[in-house]
Each structure stands twice: as C-alpha cells, then as structure tokens.
There are 2 protein chains.
Amino acid sequence: MTTPAGFYETHAELLDQAVRATTVRDYWSAFPESPSKSVYGETAAPAGESAFRALLGQPFPIEVPGAEGVVSTERSPWGLELGVSYPKADPLALVAAARVATPAWRAVGPQGRAGVAAEIIKRINARSFELAHAVQHTTGQAFVMAFQAGGPHAQDRALEAVAYALAATSSIPGTSEWSKPQRGGDPLRLTKTSTVVGRGVSLVIGCTTFPTWNSYPGLFASLVTGNPVIVKPHPGAVLPLAITVQICREVLAEAGQNPDLVTLAVEEPGDGIAATLATHPDVRIVDFTGSSEFGNWLEANARQAVVYTEKAGLNTVVVDSTDDYKGLLRNLSFSLSLYSGQMCTTPQNILVPSGGIETDAGHRSVDEFGADLTAALDKLLGDPARAAGTLGAIVNDGVLARVTEADGAATVIRSTAAVTDEQNPGATIRTPVVVRLDAADDKAYTREWFGPVSFVIATESTDHSLRILVETVRAHGALTALVHSTSPEVLSAAREAALDAGVHLAENLTGGVFVNQTAAFSDLHGSGANPAATASLSDDHFVTGRFFTLQSRHHV
Amino acid sequence: MTTPAGFYETHAELLDQAVRATTVRDYWSAFPESPSKSVYGETAAPAGESAFRALLGQPFPIEVPGAEGVVSTERSPWGLELGVSYPKADPLALVAAARVATPAWRAVGPQGRAGVAAEIIKRINARSFELAHAVQHTTGQAFVMAFQAGGPHAQDRALEAVAYALAATSSIPGTSEWSKPQRGGDPLRLTKTSTVVGRGVSLVIGCTTFPTWNSYPGLFASLVTGNPVIVKPHPGAVLPLAITVQICREVLAEAGQNPDLVTLAVEEPGDGIAATLATHPDVRIVDFTGSSEFGNWLEANARQAVVYTEKAGLNTVVVDSTDDYKGLLRNLSFSLSLYSGQMCTTPQNILVPSGGIETDAGHRSVDEFGADLTAALDKLLGDPARAAGTLGAIVNDGVLARVTEADGAATVIRSTAAVTDEQNPGATIRTPVVVRLDAADDKAYTREWFGPVSFVIATESTDHSLRILVETVRAHGALTALVHSTSPEVLSAAREAALDAGVHLAENLTGGVFVNQTAAFSDLHGSGANPAATASLSDDHFVTGRFFTLQSRHHV
C-alpha cells in the first residue's frame, strides 16, 4: 500500500509543473505523443497489442457494485470481432456505493487526491498501446490517431484537469491564523481551518468517438475535488473506459481507499441509465459529451446537479484571402479528412464571398475554390492505404446515412467514395462529401452534419460571412472557427466576430497545426459562450463548481 | 477623464494586496471600521449627515434609461420621514442600455476594469457616513452598525470580489507563445491571445436588511468580469444602492465608459420587475439575497442565467459543555440581540442535551440554561439607550408579526418587550423572544423565524444534537453553526457534522467574535453546500461563472 500522501510525494514535481503550465500556457506536455520504440521502448507496442487481444471474447475483469448480468455491445468499425462483455450494475447500487466511499476520500485532502490521480494517469500512460487498440476498434480512428488522441493527448487533458482541481482546492489555505487589532486591548485571535468537500456523486457520460479524451477531464476534475465518479461509457465505446476504470480502482485500492470511488456503468443501448443516474438526487455533477438533444435534456432535467456538456455545433471557416493558397488547401483538406470529419471540431461551413477571393495564386471564384479544395482532397486521399490512415473508419450507421444523404444533394462538388483498406477488409471507410450552397440555404447548413460532410457557402462578402458566423454560432453553437485573410482589418473584425459569437478562433492555418486540434495546457476546448458547450476544457470554471470549502474557526 | 488603465495604476498596490489577502486569509482590511474622527477626519461625520439630510424629500439625482415616472417606497424603522423619490425605468430599456454599453467595457480588459472598480469603492468609502445614515434609516440598524456593516465591511467585501474577479480573469495570460518541437524540423509556433468576455447582463437583487453588504459582491464580481449590472434594490432599502449606483456611473463616465454599465431599477412593491428582469433572455447572471421562496423561484425559472442566491436557513447552536459559561452566555446573548436577530447569520435553534451541560459554574439543566440565557439577555438589554444601540429597530411588519406569534407560545422562557429610544421616539424596537422546545417540536423549529426569535431545544444527547444539526441543515439550510464543548471528541464530531451538513462552524466563541459576523478576506459567508445559499462570498466559484475566456491563435 502507498498512502495518498506517498503518491503525492512521488508526483509532486509533475503536479507542480502541470499547475505552472496552466498559468503560462506555452507548449507543455507530460506524455509523449509518438508511439515510437525510442520513446515507449521496444516491447511496449507488441505487449500492448497482446494485452488488447487477450481481452477479446472474454468477460472484462472488473467488479461493479450490485452486479446483475452482463452486456456486450461493441462492434469495431474496422471489422474486428470484439466480443468483450462487461458486468452490468444496478444504478442505485452504484450511487449507494459511491456515497459509502466518499467520507474517507474527503479526509485525504487536495494533495493526496491529486497524488492518487497522477498515479492513475501514469499507469494509464503505461497502457497506452493497449488503450490505442481499444480506442481504434471502438471509435474507428486509425491506429496512430487512436494512440495519440486516445492516449497521451487524453492523458495530458486528464493531468490538466488534475492541475486545475489541485490549484482550485488549495487556493484557500487549510489553516490560517487571524489576528484583528483592537483599540486599547489584545487583538482578537482565531485559528481557522478550511476543508474541501465534494459536491456529491459525479456522473461522466462518455461518447463513442473520443471515449477517453472527452471523459478524462470531468472524471479527474471530479475525483480530485473530492467526489466519487460513476463512468457511463457509450455502448459503442466501452472498452477504453473499462480499462480506465480498472486502473482507477486498482490505484485507489492500493491507496487504502474504497475502489467504488470510481465505478463502471454499462448498459444495453436504450436502457437509458444515463438519464436515470443523471436525475438521481445524490448525483450532483454530470459531465456529458454527445448529441445536443440529450445534452439539452440533461441541462433541463438534471436540476439537482451542475451539468457540463459538450454538444453539436456548426464549425465555421471564413475564407477572405490568403498569401499561401496551397497551404490553405492542404491544411483545410486534411482538417476535413482527419477521422472522416467525426470530430466535434471538424469544419462544416466554409464561407466564401461570391465575388471570390484573392490568393497568391491569383483570384479564385467560389467555383474555382470548390474545385481546388476537391483537388486537394483527391490528392490527399489518392492512395488507399494512406487514405485509411487519415480517414479512419465510419463509426456508425448514423454517420453513413448522413454521408449518403449529403451525397445526394443537387450541388455536390465532391462526391464521397468508399476506400478499401487491404489491412482491414471489413472496415467501412468513406472520403468526404463537399456540397456547394448559397447563404440562403441556411436550412441545410444550420444543422450539424456530423461526419465527412462540409459546405462551401457563397456569401455576399466577407462582412456577410462574419455576420453569418456570429448569427449561426450564437444560435447553434460551434467549437471551432477559422479565418483566412491577408487583411489586418478583416482579421481584427474576425476576432471581434468570434468574441461576439463566443467561439475560439484560428487564423491563417496553412502548416502543421489544424483547427480540429487543441493542445492541453495551452488551448481551451469549448468556451461555454455558445450553445455547443457549457464549459471549457479546462479552466477554473470547469473545476470550481465541483466542491465547496467549509470553514471552522475557534479562538487560539 | 482618467482612463481605466490610469485608475488601475492608481490602485495597483491596493489590488495586489487584496489579491494576496484572498490567498493568505489572515486578518486584512482596506477600510477602517471605526467611524471616529481620528480615522475619517473632523468633518466627515457632520458632512455625511448633511449630505444625507439634503437628499430627504427630494427626487434622487440619478439618470435611468427609459425613465417613466417616479417611485418613493421607503420608510425609516427609526421613524424619520424620508420622502426620497427615484426615477422608474422600463426594464427592457435597462437591458437594452446595458447591452449597448458592453463592447467597450469588454475592450478595457481585466486590469482596467478592476482599476475602475477600485476607484468606485474608494469613493463609496469616502461617502461612508452618508451611506451609514441611508442604511440606518432603511434597514433599522443602529448607526454604528449601519456604518460598519453598511460601509467599510461592505466595502471590504466589494474589494474582495474585485480581487477574486481580477485574479480569475488574469489567470490565463492575455498572450502566450506556443512552440511545439517537431522531430527533424522547426518547431510549430503559434501566438495565442486570450480575451475575457462577460457572460451577459447581470442583475443584482438587493435585500432590505443589508442592502450594500449583500449586494456589493455580486455587483463588483460581475462588473470586473466584464458584465453590465442592473441593480434592483428592495423597495424598502433603495437609498444605499441608489447612492452606490450614482457613484458607479460617475466613475464609469469619468473613465470614458458608458455609465449605463450600472443602472438602477426601482419599483413599487408588487411590480415584480425582479422576475421580469431575471427571466429576460439577455440577463445571464442573477445575484439575489432574500426569501427562500423567491430565491428558489429564481433558481427554477431564470434558466438562461447563472443564479447566485442567499436565502433563509436554520442557524444552529450545539451546546455540549463549556469552561467559560459567562463568556458563552455573554457572547450568545449578544448574537441573539444584535440588530434584533435580523441577520441571516443569527442563531435560531439552540440544541441542549436534556441531561443538561457541564460548565465551569457547575452542571446546568436545560431549564437552568434557559434561565441563565434570559438573565444574560436582560443584563445586556437593561439600559434602553444601550439596548437600542444593540437591537436597532424592527425592519418591517413581517418581523413584528413573527415576534408576536412566537411570544404567544406556551413555552416562552423570555418574552419580548418594547424598548423606547428617547432619541428616536418613532422607532419600533423589540427585545428577543426565547422559546423552550423539545426535539420533537420540529414543526416549529424547522422553519426560519427571521428576527429576534430563538429556541432552546432539548435533545437526547449531544450526539442527537449533532444529528439534528446535520438533518435540519441539509434539509433547510443554514449560514452559521456554533458549537460549545470542552471535549476534543465532541469538537471533532461537530466538525465532521458541519462538513456533512455543509455549514461553516464556529467553536467556543466566548469573547469579542460573534457567530453572526464574518470577516472579508478571511471568512467565507455561505457555502453553497446547503439549501441556504448557492454560492459563497467570495471564492473562485463566485466569479468564474461570470465570464468566458476566448482564444485566438495564429502562426508567429
């Protein structure tokens, strides 16, 4: 057994660095993103793959309170037979077990809780290859992306949440001495203690496309602020979170804590246990990533809880002008293709003035821009093996149906195509569809077409594009916005428009940084300022609602 | 004109000290609480009184957007004729004016906004005597209390909120340089900017007993985080907030800002403009102090806003044992008498084991304790002039009705009495009622009897008292709890009980510190952890929900 204080001692330097990184926000990362042997060692990759293979077709080794039967709900978009089954728990038993585990966790204090969390994340990192296979075969991400986004990038986001939670729960000192001068007498003197108390049982509802990356911030923010956490994965992506919960429970038990501080809640599709749990009076925190429909339902109905949601939106690109047209096209076509646009950050609405744009390759009309973007996509995705590595696989039939629907539009300028990956003949892979629209076609472009579907939309002018950006994002939300312009005035207007819309902006991305990607410890993900999300990963607001500070005072 | 940056420069040292004080939490105060000449100068007191007198019977000099008629709704609990009238505004015009004023305020940035706020608070401090008279003659507080709680203590709470808001809005740097190493190539480099954007129009709903102290934290937290603020005073206590808003507008105009960033919203009782404003789609922040009924309504209905409420509760005292019985009685009787128990922090439920308590003056049965407390109250309030200075006046007929109702109980152990203040013959002054109850009489003691009403409640044991503390506070809320015990085990159990109940605890107060009083920069007021309040004055959580941080990134 290692005490929480012992884990804190082990990881104090890492935690200090992480806390400092949240305030400096230059580049900092604790977990190397490269799955190379030089970083993770010769044996890590094969050992991780073996560990993953050993889980297939088996009951997953994890205990849940009030177990009652098993479920097996996952299928790999790459065609691999998974057959992992998980014990199903009674939701009421999960909540009850979580409550039982809470008081001892409260007594641990901020540093010990952060130490335990850091140990958990380190062990998650050590299983990055195993997790990468689990993420690949549930989400459809290509392996390298599954490794990076599902592994080290998610671990950085986890550590970032731990850092915010540690800093916030330590900002009021545990003890202070108060001495108030009195005229003509001794000062009034009190000793005061402050104790962090978690809000209550925390529920993390995972999504099917980024089960770890999107769940870790809420999971670790809640845990470090003193709350037990019930992890409810999407039925399509259970394994990455089951491994995560397994590691959490293992470390908690080693730290002398009740492992039921973190439990797994699986279900058959349609069981609706997320709604049951989210509205339980003892569940006081809900983190959710997924559809606007259920996210809005949670916000309206989980009234006893604070609710952090990330939902759908209309990620928007305003194209005005560029001095690196090739770079623009290369960068944008990759953003549209990466994981088949199945990222909550993938651009959808590309606004181009009907008079065309000025570029270093000359004037381009809207139609020429559409043709150039199509050519860039064709070039990027020309080789099937490389294309599969960028596109990944289509995660579910819903995405496939939208691709098919969009491909049937009268004004398609780039049709989707199936890609055959020789390594994974059972995989469902599709290239992006691009549709030409006008500003008046808002019925089509003001809903989210999650997946590889985007629109080149002709507007009256760049001013008009910025107005559409503000109006559509205010009304429907967005996680990202991108502007391309060589004009300082347009860039300045775009920044103001993004502030008005409440969306983070990227400007003139033409190189190796993509609008879909945010870096932990530097970029915020979501803002809370538009309907796509009620919170931002991660900032002080993301953690301060998860706990209370209670004081006691007495004379010295 | 002084720019916001200029005001920041002027007050930078004060703001630095204030921010540091929020993290150290030993004794710190920016504004002297003594109304003495040696502190505020020879002329301050008479000048302040003259300024107050000059306001009586006049239209109050303040502009409001969309003015339509006037209201005059205040009466002094001390009997003074006030006759101040205020221009009434159309609520929609207030919201519209607030929105117009917002963009320029956003552009000022955190430091400039904090500088303007500090200048406002300094000017409020300079008008402390005028404000003290205004507070006295609206709330019924005695003059010295009105000066302290309505003046310097409120100003300290205001500055504390400014400090939290400044720190929170500065924690992510305005600019950062991001440089990510790339294998075998130049690093990826981005410049990132972060901009604080207010959530939206803020509404502060004042109360009748502490119009400044309870309103300032929300007002200044919202203003410094970039939001315009509509101040809606209680119809019974308009003047202190009208003076405050007047000062805000004066400083904002001098800073080159639109004064409609802070506006006054008055009403006739029953107009219901608080509800109208609180549910307006552009109102995104609500701060409220007052009844549980309206506070709960706001939480349920102002769904487009974040809602910070302070409502009713059952402040509880657990008496187990003491080694300073006289001190206990002196301290407790003062707590019950101060401002006639019209503080949201005044003890109501005094839990005593039926077997009695051990004290340095020997064993005391419940009945003896009740008699001793009665004697202590009689001694404290024996001299009418001194009694008036402690009790103040009864603020309204609702309180008077409750005193009368409690006084009619069969088990009264101390009856209320009217006190005649020769200086203020028109004042309504009453001494506290104490009623003896048993633990089974929870119908009586589980509702708040706001005013000078308290209960000595016999329980089975101190353990039972602590259980009642936890159960009643969890169900009905509390802002304060107090325990008296000489036993380390009982004190430890009381601390755990207070953590379970979610209430701040004071232990063995027998001297010059009272459970009703909290000190800015050291004590939290409210916890958010029980139904009496959804927030704590002030901590990070109180400010972080009032703004968003939006980023923009581009290649270097």
Side-chain angles (χ1 to χ4, degrees), chain A residues 22-27 29 34 103 106 168 171-173 176-183 187-188 190 192-195 197 199 300 303 491 495 498-499 502-513 519 522-524 527-529 536 539-541 544-545 548-555, chain B residues 22-27 29 34 106 168 171-173 176-183 187-188 190 192-195 197 199 300 303 491 495-496 498-499 502-513 519 522-524 527-529 536 539-541 544-545 548-555:
Chain A
T22 62
T23 65
V24 178
R25 303 193 87 80
D26 56 4
Y27 174 77
S29 166
S34 167
R106 173 172 95 192
S171 77
I172 293 181
S176 55
E177 300 296 327
W178 183 82
S179 175
K180 179 177 179 177
Q182 296 294 98
R183 282 198 191 200
L188 293 172
L190 294 172
K192 304 183 179 186
T193 63
S194 294
T195 305
V197 175
R199 178 175 286 267
R303 302 299 311 286
L491 290 175
R495 287 183 190 185
L499 295 179
V503 65
H504 302 303
L505 183 68
E507 305 168 17
N508 294 326
L509 295 185
T510 53
V513 175
S522 184
D523 297 319
L524 296 169
S527 71
S536 195
D539 63 8
D540 289 322
H541 182 55
T544 55
F548 310 111
T549 306
L550 290 166
Q551 295 185 318
S552 182
R553 51 182 175 157
H554 58 85
H555 289 293
Chain B
T22 62
T23 66
V24 179
R25 304 193 87 81
D26 56 3
Y27 174 77
S29 167
S34 167
R106 174 172 94 193
S171 78
I172 293 181
S176 57
E177 300 295 327
W178 182 83
S179 175
K180 179 177 179 176
Q182 296 293 98
R183 282 199 192 199
L188 293 173
L190 294 172
K192 304 183 179 186
T193 63
S194 293
T195 305
V197 175
R199 179 176 284 267
R303 302 298 311 287
L491 291 174
R495 285 183 190 185
E496 288 300 307
L499 295 179
V503 66
H504 302 303
L505 183 68
E507 304 167 20
N508 293 326
L509 295 185
T510 53
V513 175
S522 184
D523 296 319
L524 297 169
S527 72
S536 195
D539 62 9
D540 289 323
H541 182 54
T544 55
F548 310 111
T549 306
L550 290 167
Q551 296 185 318
S552 182
R553 52 183 173 155
H554 58 84
H555 289 292

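Lettering of chains follows the sequences in order, A, B, ..., and the numbering in each one begins at 1.
Between chain A and the residues B/G511, B/S176, B/A519, the largest count of heavy-atom pairs under 4.5 Å involves B/S176. Note on A/G545, A/S522, A/A506, A/S536: by heavy-atom pairs under 4.5 Å with chain B, the leading option is A/S522. Chain A forms more heavy-atom pairs under 4.5 Å with one residue of B/R303, B/R495, B/E496 than with any other, namely B/R303. Most heavy-atom pairs under 4.5 Å with chain B, from the set A/P187, A/A300, A/S29: that is A/A300.
Within the 3.5 Å criterion, the main-chain N or O of B/S552 finds no donor-acceptor partner in the side chain of A/E507.
Counting heavy atoms from C-beta outward, A/H504 and B/K192 have side chains that stay 4.5 Å or more apart. Side-chain atoms of B/L550 and A/V503, non-hydrogen and from C-beta on, never get closer than 4.5 Å to each other. Within the 4.5 Å cutoff, no side-chain heavy atoms of B/F548 are placed close to those of A/L524. Between B/D26 and A/E177, the closest side-chain pair of non-hydrogen atoms is not below 4.5 Å. With a 4.5 Å cut-off on side-chain heavy atoms, A/L505 and B/R553 do not count as touching. Contact check for B/N508 versus A/H554: no side-chain heavy atoms found under the 4.5 Å cut-off. Side-chain contact between B/Y27 and A/P181 is present, with heavy atoms from C-beta onward closer than 4.5 Å. Using a 4.5 Å heavy-atom cutoff, the side chains of B/S34 and A/R183 are in contact.
Residue B/S179 touches chain A through its backbone alone, counting heavy-atom pairs closer than 4.5 Å. For B/A498, the part lying near chain A is the backbone, with the side chain staying farther off; criterion is any non-hydrogen pair under 4.5 Å. Residue contact with chain A, scored on non-hydrogen atoms closer than 4.5 Å, is absent for B/S194. For B/R25, the parts sitting under 4.5 Å from any heavy atom of chain A are the backbone and the side chain alike. Neither the backbone nor the side chain of B/Q182 comes within contact range of chain A; no heavy atom of the residue lies under 4.5 Å from a heavy atom of that chain. Neither the backbone nor the side chain of B/L491 comes within contact range of chain A; no heavy atom of the residue lies under 4.5 Å from a heavy atom of that chain.
Here the closest non-hydrogen pair linking A/G512 and B/L188 is O-CD1, 3.7 Å. B/T510 and A/H555 get closest at one heavy-atom pair: N-NE2, 3.8 Å.
The distance from atom CG of B/D539 to atom OG1 of A/T544, rounded to the nearest 0.5 Å, is 7.5 Å.
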**OP:** Evaluate side chain to side chain donor-acceptor pair (under 3.5 Å) for A/D540 paired with B/S171, printing each intermediate quantity in order.
**Re:** CA-CA 9 Å; A/D540 289 322; B/S171 78; 3.3 Å; yes

